[in-house]
Asker: 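Okay, here's the structure, questions in a sec.
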Amino acid sequence: MALKGNLSDFTTTQLLNLINLARKTGTLSVQGQDQNTEDVTADISFREGKLIYAELGAQGGSLTQILHRAGKLTEDQARLIHERLQGKTDKQLGHRLIQSKLVTQNDIIQSIRQHVLDVVYGLFTWADGSFKFDTGRLPEASRITIPIDLEMVIMEGSRRLKESEQLQEELPDLDASLRFVDRPDARLRNVNLTVDEWKIVSYVNPKNTIRQIAKANKLDDFQVRRTVYGMMQAGIVELILPKKPEVEEPKKTTRRGRRPEQTVAERKSVVNRLIDRIRSL
Amino acid sequence: MQAVKMVITGPFSAGKTAFIGSVSEIDVVSTERTISNAAERVKDKTTVAMDFGRITVDDDLVLYLFGTPGQRRFDFMWEILSEGMLGFVVLVDSTKPETFREAKRILETFQSYASTPYVVAANKQDHEDAWPPDDLRIILRLDPSVKVLPCVSLQKESVKNVLLELLYSILEQLDKEGSK
């Protein structure tokens, strides 16, 4: 039977926990939007409850692409390999690359592992997206798969999600804008800004929302929140919040239910009679 | 004449009325109304107060089955219905994962009313898209001691099985109480 649903109803943590506990084998396909709000599909494969492979949309999951993204191959090397070794499986390609001493076996294992984890950790931030688990469907045989314990992935993913949520609490509204503080204190004299911070500084203006600043700098929600929060803590910028109407949550009271006073033996007798009656229906 | 009751609860459109109708010796007394909320127009009518079914055991004992209203705005009825219940069944539409969170909320609410035994019935198991009971257990974070049973509420034998399993759980709890 198919497992289908939407990430708005289940968290990624719940799904991975289910796959882990049920020791499932197959591929989880999630269709959603990435942080740039572009439609994308993530395919994540498992064997007996262990994470073994992942691909994210057009990002590509071939070994050459993975090694290039991991910085183990230059763009030129990746292009040349792609041209000359087309048709080779990832396993064959891996052997050739090791033989030619371009990469080590450990480079390949670590790069694939990191690629798979990046895809899965990214999934933790998806709040919406339809998913389907195809039991028994595994990646193409040509792919190199690496078994990874899901417990570790769930714990780290949850930790990252928590950090993201804390930042979201500090900066809940990306439609707020920023301004430089009126009275910058002494801390500003020796401040060193990161590249991301400099990018944001150049856009600080009450007319620009944080969301617009993120878009202009191609930063995702998590990155922009983390950077802005750091700058707020350093006393460089402060928030200008948009006004919103307050919504009050309805309150509910509960009472404890009453139970009729009967002895255990009397109640057992009643239950046994009910069992007999229902069996005979 | 002693009357005992069981409550059949679960999210909107989980199949509660059908469940009771499969075993009740009387036509289910439903307080159904045409649905006004477009978002919940999965079916034409819904139970607004309760469903009511009956199984007569003998001259001295009768079992009433009460189905709770599925829509959230009628949940003030839940506590009233739960008073004095022998146990309860949480019926879940296994083909509608978007209702699982609501099922969990309902389950926790009923648990807060009384510490009576309960079972979870994974309904509509005859549908291709149904989630298996074992997966439902994990996703609803149910204790291994909680029974999650396959169910097709339109089939009498299936409903009987769910009710019997609930009664066995009630009996086990009474045994524990008796041995204290």
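All chains are named by letter (A, B, ...) in the order of the sequence lines, taking the proteins before the strands, and each is independently numbered beginning at 1. All figures in this text were calculated on a predicted structure; none of them were measured in a lab.
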Asker: Between A/Glu156 and A/Arg159, does any NZ, NE, NH1 or NH2 come within less than 4.0 Å of an OD or OE carboxylate oxygen?
Answerer: yes
Asker: Would you mind telling me which of B/Leu63, B/Asp60, B/Leu61 has the largest number of heavy-atom pairs within less than 4.5 Å of chain A?
Answerer: B/Leu61
Asker: Go through A/Asn6, A/Val271, A/Val264, A/Leu281 and name the one with the most non-hydrogen pairs under 4.5 angstrom from chain B.
Answerer: A/Leu281
Asker: Against chain B, work out which of A/Lys24, A/Arg277, A/Arg279 has the most heavy-atom pairs shorter than 4.5 Å and name it.
Answerer: A/Arg277
Asker: When the ring planes of A/Tyr53 and A/His115 are compared, do they come out parallel, tilted or perpendicular, using 30° and 60° as the limits?
Answerer: tilted
Asker: What option among B/Arg101, B/Arg137, B/Lys156 has the most heavy-atom pairs under 4.5 Å with chain A?
Answerer: B/Arg101
Asker: Go through the atoms of B/Thr56 and report whether side chain, backbone, both or neither lie under 4.5 Å from a heavy atom of chain A.
Answerer: backbone
Asker: Just one of B/Thr17, B/Asp126, B/Asn123 clears the side chain to side chain donor-acceptor pair (under 3.5 Å) bar with B/Ser153, so which one?
Answerer: B/Asn123
Asker: As an exercise: rank B/Leu166, B/Val23, B/Leu163, B/Asp58 by heavy-atom pairs under 4.5 Å with chain A and give me the winner.
Answerer: B/Asp58
Asker: Between A/Phe46 and A/Phe133, what is the ring plane arrangement, given parallel below 30°, perpendicular above 60°, and tilted in between?
Answerer: tilted
Asker: How are the rings of B/Tyr113 and B/Phe110 set relative to one another: parallel (under 30°), tilted (30 to 60°) or perpendicular (over 60°)?
Answerer: perpendicular
Asker: Where does B/Leu167 contact chain A at under 4.5 Å (heavy atoms): side chain, backbone, both or neither?
Answerer: both
Asker: Distance check, rounded to the nearest 0.5 Å: B/Phe12 atom CZ versus B/Thr99 atom OG1?
Answerer: 11.0 Å
Asker: Please flag which part of B/Val57 lies under 4.5 Å from any non-hydrogen atom of chain A: side chain, backbone, both or neither.
Answerer: both
Asker: Using heavy-atom distances under 4.5 Å, tell me whether B/Asn161 contacts chain A through its side chain, its backbone, both, or neither.
Answerer: neither
Asker: Classify the angle between the aromatic ring planes of B/Phe66 and B/Phe52 as parallel (below 30°), tilted (30 to 60°) or perpendicular (above 60°).
Answerer: tilted
